[in-house]
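For the numbers below, each heavy atom of this structure counts, side chains included, while hydrogens, waters and symmetry mates do not.
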Amino acid sequence: MSPEQTERGAPAEERELLARAREGDEAAFARLVEPHRGKLHAHCYRMLGSVHDAEDAMQDAMLRAWKGLGRFQARGSVRPWLYKIATNVCLDQIGKRPKRVLPVDYGPRSDPHDGPGKPVVETVWIEPYPDEDLGLKDGLEGADARYEQRESVELAFVAALQHLPATQRAVLIVREVLGFSAQEAAELLDTSTASVNSALQRARAAVEDKLPDQSQQETLDELGDDRVKELVERYMDAWERDDVETVVAMLAEDATFAMPPLGTWFGGREEIEEFLVGWPLSGSWRWRPLRVTANGQEALAFYNWDPAEDAYVPFALNVLTFDGERISDVVAFIARTPEDPAPEAIARMPEQPYSGRQLAAAFGNFGLPERLG
């Protein structure tokens with residue numbers, strides 16, 4: 001045992017902070033949980049598919065932890081105890097709200113001749129995750145983990161998780177993302193090891209059936225930083241020039257293009273091209289994209305020119321999924337919502353008012369500028 005460890009297995013500094021926190025020292029409690037806060041937030045996001053909901057869950061979890069300090073049995077680190085509390089909070093939330101999805105899982109593909117379509121009133125969409133801003137690191141969380149931390153917040157993975165029953169979702173994340181053993185997971189979830197193993201087997205099969213053959217982390221690593229930069233900049237330049245031909249040429253044959261909060265999505269190069277020509281790349285708007293990262297993936301924050309503001313203003317955060325050198329999926333998280341659901345208003349989406357929550361999800365959470373000159 002290292003000199004920094006106590007006989008009970010917890011780091012000496014953590015044990016001291018725990019003792020002070022139990023005496024009512026809020027600063028000590030903040031220091032006690034701070035090393036775990038970022039990863040707990042990512043855990044809540046995986047469970048719930050929403051940064052907004054994850055933040056609510058974190059607040060509830062921290063309050064429960066503070067109030068429950070007297071019941072914590074200090075046989076080791078506070079890590080499993082904090083994850084137990086956060087997981088239970090998330091399970092409570094899942095039972096009270098609709099499942100989060102992406103448009104491709106919400107309804108059938110759309111006809112590009114019908115235009116962008118209508119926004120869905122219910123809060124059903126997965127939100128993009130600012131992994132870099134929230135300090136999510138590369139690598140595995142534990143020896144028994146199968147998914148790397150960034151890999152486990154990729155859109156495809158998070159979307160696949162949302163299709164699982166709540167308990168299976170929790171088991172898969174606790175075992176294969178957080179790296180807890182079957183026995184530790186059983187204690188964390190107040191169940192038996194046999195139940196954990198059974199739930200994991202079912203969850204693993206369901207998730208693997210929905211995931212692509214290769215994660216975005218693997219794809220981007222194979223391409224290399226320089227090639228990824230070259231591809232993304234070519235795509236950005238094509239959008240700024242309304243170059244539909246280049247944009248479409250960079251898409252995979254079976255690519256999809258979705259735009260939450262609209263339920264609309266288009267599939268295949270031809271349909272996407274028809275949509276682009278008729279709406280965003282029709283020449284009616286001027287675009288300025290910024291390269292960012294979301295969900296461990298390449299993303300572009302799109303701003304459109306607003307003559308009244310004499311500036312480029314936020315429109316949508318486009319998360320890109322690569323299949324080799326081609327873009328296989330685009331999910332454009334739009335920050336605006338039309339007050340009038342008429343097709344004419346939706347077709348002029350860049351001119352519609354902002355939705356505060358959508359603007360926060362697509363731009364505010366990423367620390368992006370409010371306008372570009």
Not counting sequence neighbours, which residues clear salt bridge (Lys or Arg N to Asp or Glu O under 4.0 Å) with [X]? List them please.
X: R336; result: none
X: E245; result: none
X: E270; result: none
X: E233; result: K229

Does anything in [range] form a salt bridge (charged side-chain N to carboxylate O under 4.0 Å, His left out)? List the pairs, not counting sequence neighbours.
range: residues 48-63; value: D53-R97, D53-R100, D53-R357, D60-R64
range: residues 304-318; value: E309-R371
range: residues 316-329; value: R227-E325

Strictly distance-based, threshold 3.5 Å: is any side-chain N or O of [X] a donor or acceptor partner for the main-chain N or O of [Y]?
X: Q93; Y: V89; answer: no
X: R288; Y: Y312; answer: no
X: R150; Y: L136; answer: yes
X: E16; Y: A12; answer: no
X: W81; Y: Q73; answer: no
X: K39; Y: K137; answer: no
X: Q162; Y: R46; answer: yes

Take the angle between the ring planes of F257 and W239 and call it parallel below 30°, perpendicular above 60°, tilted in between.
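Because their plane-to-plane angle is under 30°, the rings of F257 and W239 count as parallel.
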Is the ring pair H41/Y129 parallel, tilted or perpendicular, if the boundaries are 30 and 60 degrees?
tilted
Decide, yes or no, whether a salt bridge links E23 with R20 under the criterion of side-chain N to carboxylate O below 4.0 Å.
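No, no charged N to carboxylate O under 4.0 Å.
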Is the shortest side-chain N to carboxylate O distance from D92 to K96 below 4.0 Å?
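No, no charged N to carboxylate O under 4.0 Å.
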Establish, from distance only, whether the side-chain atoms of T321 and Q216 form a donor-acceptor pair under 3.5 Å.
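Side-chain D/A pair, T321 to Q216: absent.
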Neighbour count above 12 (heavy atom, 6.0 Å) for [X] [atom1]:
X: K118; atom1: NZ; value: no
X: Q183; atom1: CD; value: no
X: E370; atom1: CD; value: no

Restricting to side chain to side chain donor-acceptor pair (under 3.5 Å), what partner residues turn up for [X], sequence neighbours left out?
X: E176; answer: R146, R204
X: W285; answer: E351
X: Q217; answer: E154

Checking P108 now: which residues fulfil side chain to side chain contact (heavy atoms under 4.5 Å, CB included) with it, not counting sequence neighbours?
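P108 satisfies side chain to side chain contact (heavy atoms under 4.5 Å, CB included) with no other residue.
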Could you identify which residues cluster with V124, counting Ile, Leu, Val, Met, Phe, Trp and Tyr as linked when any side-chain heavy atoms lie under 4.5 Å apart, either directly or through a chain of such contacts?
V101, Y106, V120, W125
Under the 6.0 Å and 45° cation-pi test, does R79 pair with F180?
yes
Got N295 and F157 here, is their nearest side-chain heavy-atom distance under 4.5 Å?
no
